[in-house]
2 protein chains.
Amino acid sequence: MSATEFKPLLPVKQPVPSDIDIAQSVEPIHIAKIAEAVGLLPEEYELYGTHKAKVKLSVRDRLAGAPDGKYVVVAGITPTPLGEGKSTTTIGLCQAMGAYLKKKVLTCVRQPSQGPTFGIKGGAAGGGYSQVIPMEEMNLHLTGDIHAITAANNLLAAAIDVRMFHEANQTDEQLFNRLCPADKQGKRKFAPVMLRRLAKLGINKTDPEELTPEERREFARLDIDPASITWRRVIDTNDRFLRSLTVGQGPEEKGAVRSTGFDITVSSEIMAVLALATDLADMRERLGRMVVGNDTKGRPVTADDLGVGGALTVLMKDAILPTLMQTLEQTPVLVHAGPFANIAHGNSSVVADQIGLKLVGEDGFVVTEAGFGADIGMEKFMNIKCRASGLTPDCVVLVATVRALKMHGGGPPVVAGTPLHHDYTTENVALVSAGCCNLVRHIENARKYGVPVVVAINRFACDTDAELQAVKEAALAAGASDAVICAHHGLGGAGAVGLGEAVVRACSGPKPEFKFLYDVNLSIKEKIEIIAKEMYHAAGVEYKPEAEAQIEKYTRMGFDKLPICMAKTQYSFSHDASLKGAPSGFVLPIRDVRASVGAGFLYPLVGNMMTMPGLPTRPCFYDIDLDPATGKVVGLS
Amino acid sequence: MSATEFKPLLPVKQPVPSDIDIAQSVEPIHIAKIAEAVGLLPEEYELYGTHKAKVKLSVRDRLAGAPDGKYVVVAGITPTPLGEGKSTTTIGLCQAMGAYLKKKVLTCVRQPSQGPTFGIKGGAAGGGYSQVIPMEEMNLHLTGDIHAITAANNLLAAAIDVRMFHEANQTDEQLFNRLCPADKQGKRKFAPVMLRRLAKLGINKTDPEELTPEERREFARLDIDPASITWRRVIDTNDRFLRSLTVGQGPEEKGAVRSTGFDITVSSEIMAVLALATDLADMRERLGRMVVGNDTKGRPVTADDLGVGGALTVLMKDAILPTLMQTLEQTPVLVHAGPFANIAHGNSSVVADQIGLKLVGEDGFVVTEAGFGADIGMEKFMNIKCRASGLTPDCVVLVATVRALKMHGGGPPVVAGTPLHHDYTTENVALVSAGCCNLVRHIENARKYGVPVVVAINRFACDTDAELQAVKEAALAAGASDAVICAHHGLGGAGAVGLGEAVVRACSGPKPEFKFLYDVNLSIKEKIEIIAKEMYHAAGVEYKPEAEAQIEKYTRMGFDKLPICMAKTQYSFSHDASLKGAPSGFVLPIRDVRASVGAGFLYPLVGNMMTMPGLPTRPCFYDIDLDPATGKVVGLS
């Protein structure tokens, strides 16, 4: 059955209006109605206005004994810089399954960073007639989770610099006395978080008075090696001038200057922790064990060593609750977490997926999106997120476009902000077919996890039937269980009904026998090499001296059993963004290796990763304003 | 009638437990019940969970024709560094008026900064049995207003640096073409915000093609003088290492380094704008006209010149709605805005007070707090806030303590974190009486506005009846309409019933004939001198060369008709914090003068103002954690 046989429920227009015009043309229903429809009890969510609600983790406990729904992950082929509509497809697919096929379905998506909303990119709530609404709330503060991360990240950063400062200006005894001051009765006491540090140091005493002078020194002096500090400050604004700066230049800081910088908030390890934590207690432990650097003896220094793990958890206590919203066709959406897809794993939260699977139940579907191309986003979904959650997918949806495949077939570069070459706007089946090698490899990669693959061919206006057919044939030949042309951007769910049906079929068999790509107990290098060879088709891996040193250090520290989170471009299977199609035989260079111990992964750096975007000469913000008469946002794209 | 004759409704304990233990021992009722009791219609507020709600400005429109309630402002004598319980008295007074005297009452308080919650000070939701609950929500993210300010402030900061960067690296024509790019039809268009800049430049054209090359240059090149930039970045964390730093040190920024710094978010001009704006349209205009520095020709450069005024408003659109909460005795509270009391005016929002006065109606009371000592907070309330709101107070409540008056009488210094000298813990009536000169002057100052004064003597455990009586007598002799000893910290509203009765009596006469202290149309120096002489009893004012230059500059720019917001210590009437009591005859030095043009005031700097607190060796955060079993916050003080 073809998607176009369905009559759209939405009042669709041609040409498709702007995202915000569409979003504001549909009145969202009260979120309590969405909550009720999805099976939440009134005490299981908290309203944030009338269109957002935070869902409590208690619903997962209530439904613990119930069977999970089907778990569908949406990934994409290697994209052009314009994006291939992965989020839009995720949402369109769910609108189709929910509003047309009448399945219980729940969409899990990431919360977009606010920074790019005012920069180049605009919003990230889907597009056209497949959107999460109200899109301005999705793209702005939402329910404050990213702001909570900023606050937590920067409290830890402040704690680091100020601790080094106080240690530099106080004797061991002064430090100890200030950390454990005598109360009015002259009694000293350790704060509970201090007992964590004592345990780590092997000091088995609970009365401060009993510590020897050496133990007092050991306890009180973290002795952080400034050169080892990997913890940076964050801000949810595209502010390139903060990328690299020198702090501590005030007279009161007595010359304790240090070079550091700010990243965009979503790149904070705390965002990755939020996405991977399974409950409050787990989040508390993860936040406490985040490593900020090492001491002068080479031992890791953690947030709990600084005494701040509990405070970070308090700042994050509401952020762990996913936010319920709705699509343009009133299907439920959980928006939660949005870690970077390079230095982090690029997937929305474990708790949202877990809650969703219980809510939709045995016959329902949770559709979750993996950021970046599938070599990055899907690989990390499988090996990092599924390891943390204990869940495994029933189906992979792989989003492909004729445009991107033409690029992979040898088409001229696609550059944001400049007009497309006519190769992309006129029929060229040979170019498409030549580029299908990229799609084929992503299908083969996905199949290595033992999971069926449905290819979603996201149709653009200038695509021809012959081009689309070529993609479909290539996909089926490569082992996709189905390949469906869809048009949800212009039609909403009506444009993705065929895709929805294909997903239902792909999930109808027995639970796939899921296979991880690697055993976490392998060495760091073995794990990196498996990913490089199996997913990227690299001939080998080359380690720069910094990377070798870090691998040695993390192995010594006992962090070598963590899964690997490759920080690589999404614009090629290789490290070189200009190598399109399905390159192989290259040697993957590992420049450095970093650790997110709280999130629970190591991230090898394959090239330079941008962790703070900038603003162009004419940022989006020029168009954004509030209509004072209606209070509505205008100009958001 | 004495306060102690009332039986507390709260299960009070002796000794008074910690603030968080008291706060968590009382179960807050659903905020919808508070909203209903206060007269809000269901469509006039939005729930944020079950204990907070954002109140829409539409309620003010609905009740526009109704009479206002009585307007009570709480101020304090010159305090010790330990604080004299001004917030606690504000809340205790309202608990008394609402829960015991059965008056319609609404408390308007500032939202505390999150930074100090993790530093030295702990929370700021009142104390003892007079608190706003849930206190952890009040002290943490609340409904995200401060986070919105951080985002808006820093978007503007990023816009400044990146604009200077793009101007430095592009020709006039490149700049113009990027600011007004041709669309697909080859047509150029000005964004609406650009028309504001054109109007300011006197260019009366709406088609970009019609601009001459000179006009294009004039339009596109802001030519900001880097040395003139007064706009700094902000963060709601006590991070002293950000006070002074150098940005732009990354290779991509091509050497465009600049010295600047971060302040704590609540010191942002945007916080002052939020507190003074009367509606969305007013806020839009204020945000757009904020001045960030001047161009090389000495003309002010605004947020709208940078094209970002609309985007700032969009970021702040929910922040303009006050947050409804409750006290321990279920009286309603509006928490809204919390500008610094030195470089800004230190008062909660105009809109919250306006809404409150309509909601309580003719026989009701709005009690609002003015930050810092009354020479600062009350003076600014009268001359800045009342000018913006059009409201005038019916009564001033002046909070005094025996402890602070002993200090003013010549007692030894009171230092936070060190035990009190025994002069403060044993009876010494002569010392108290000697210090009453401070209280007397504050009473006389308040009377200059034509408003009756009620003195609230906030009783501490070690105060004796004779000491308290001495304060009462001095207050009455100085012209206070009443002076009441109260004990709301230990008893809740029951401890402030006498104070509540005194306030009702003071407000029972005809509306006071309110007088501003100065005419805004006077020159900058004339206004400064009136405040210095009338409020501080200075003999004169001395201007440093920087101050003279700024006064000349702001006068030339046309900003001289703004009211004055003195940035002075609250620890003395003078500029010297060590001059206690009621000093006079000193010469007030004005180091510099700055402008908050959007907020709408000039702020002369009398000494150095701290705009970014630090963290001690053992910050509060050591004790703060989440109980994973209950999800409750522990250790917040």
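If you're wondering where the values come from, they're calculated on a predicted model, not measured in any experiment.
- For the residue pair A:Asp236/A:Ser113, the side-chain donor-acceptor check at 3.5 Å is satisfied.
- Between A:Phe190 and A:Phe176, the ring planes lie perpendicular to each other; the angle is over 60°, past the 30° to 60° tilted range.
- If you measure heavy-atom distances from A:Asn238 to chain B, the contacts under 4.5 Å come from the backbone alone.
- With a threshold of 4.5 angstrom between heavy atoms, A:Asp161 approaches chain B through its backbone and through its side chain.
- By the 6.0 Å and 45° rule, A:Arg232 does not stack over the aromatic ring of A:Phe262.
- Residues B:Arg233 and A:Phe241 meet the side-chain proximity criterion, which asks for heavy atoms closer than 4.5 Å.
- Judged by distance alone, the side chains of A:His147 and B:His141 never bring a donor and an acceptor atom under 3.5 Å apart.
- For chain B, the nearby part of A:Pro616 is the backbone; its heavy atoms alone come within less than 4.5 Å.
- For A:Arg243, the part lying near chain B is the side chain, with the backbone staying farther off; criterion is any non-hydrogen pair under 4.5 Å.
- Both the backbone and the side chain of A:Leu155 come within contact range of chain B, judged by heavy atoms closer than 4.5 Å.
- When only modelled atom types and interatomic distance are considered, A:Thr246 and B:Gln249 share a side-chain donor-acceptor pair under 3.5 Å.
- For A:Asp625 and A:Lys632, the salt-bridge test fails: no basic side-chain N is under 4.0 Å from an acidic carboxylate O.
- Heavy-atom distances place no part of A:Leu312 under 4.5 Å from chain B, backbone and side chain included.
- With a 4.5 Å cut-off on side-chain heavy atoms, B:Ile31 and B:Thr50 do not count as touching.
- Nearest heavy-atom pair across B:Lys54 and B:Asp318 is NZ-O, 3.0 Å.
- Contacts of B:Ala629 with chain A are absent, with no heavy-atom separation under 4.5 Å from either backbone or side chain.
- Most heavy-atom pairs under 4.5 Å with chain A: of the set B:Ala191, B:Gly248, B:Gly309, B:Ala148, this distinction falls to B:Gly248.
- By number of non-hydrogen pairs under 4.5 angstrom with chain A, the leading residue of B:Arg178, B:Arg240, B:Arg284 is B:Arg240.
- Ranking A:Val634, A:Asp623, A:Ile624 against chain B, the residue ahead of the rest is A:Ile624, based on heavy-atom pairs under 4.5 Å.
- Heavy atoms closer than 4.5 Å to chain B are found in the side chain of A:Leu140, but not in its backbone.
- For chain B, no part of A:Tyr45 is nearby; none of its heavy atoms comes within less than 4.5 Å.
- Of the residues considered (A:Thr143, A:Val257, A:Leu315), A:Leu315 shows the highest number of contacts with chain B, using heavy-atom pairs under 4.5 Å.
- A:Ala220 does not touch chain B: none of its heavy atoms, backbone or side chain, sits under 4.5 Å away.
- A salt bridge does not link B:Lys52 with B:Glu46: every distance from a Lys NZ or Arg NE/NH1/NH2 to an Asp or Glu carboxylate oxygen is 4.0 Å or more.
- Proximity to chain A is absent for every atom of B:Ile146, based on heavy atoms less than 4.5 angstrom apart.
- Looking at B:Leu626, the atoms closer than 4.5 Å to chain A (heavy atoms on both sides) sit in the backbone and in the side chain alike.
- In this structure the side chain of B:Leu280 reaches within 4.5 angstrom of the side chain of B:Ile320, judged on heavy atoms.
- In this structure, no portion of A:Gln174 lies under 4.5 Å from any heavy atom of chain B.
- For a residue to count as touching a neighbouring chain, one of its non-hydrogen atoms must lie under 4.5 Å from one of that chain's; by this rule A:Met283 does not touch chain B.
- The part of A:Thr237 that comes within reach of chain B is its side chain, from C-beta onward, which places non-hydrogen atoms under 4.5 angstrom from that chain.
- Residues A:Leu222 and A:Arg163 are in side-chain contact: their nearest non-hydrogen atoms beyond the backbone lie under 4.5 Å apart.
- Chain A forms the most heavy-atom pairs under 4.5 Å with one residue out of B:Ala157, B:Gly144, B:Pro619, B:Ala256, and that residue is B:Ala256.
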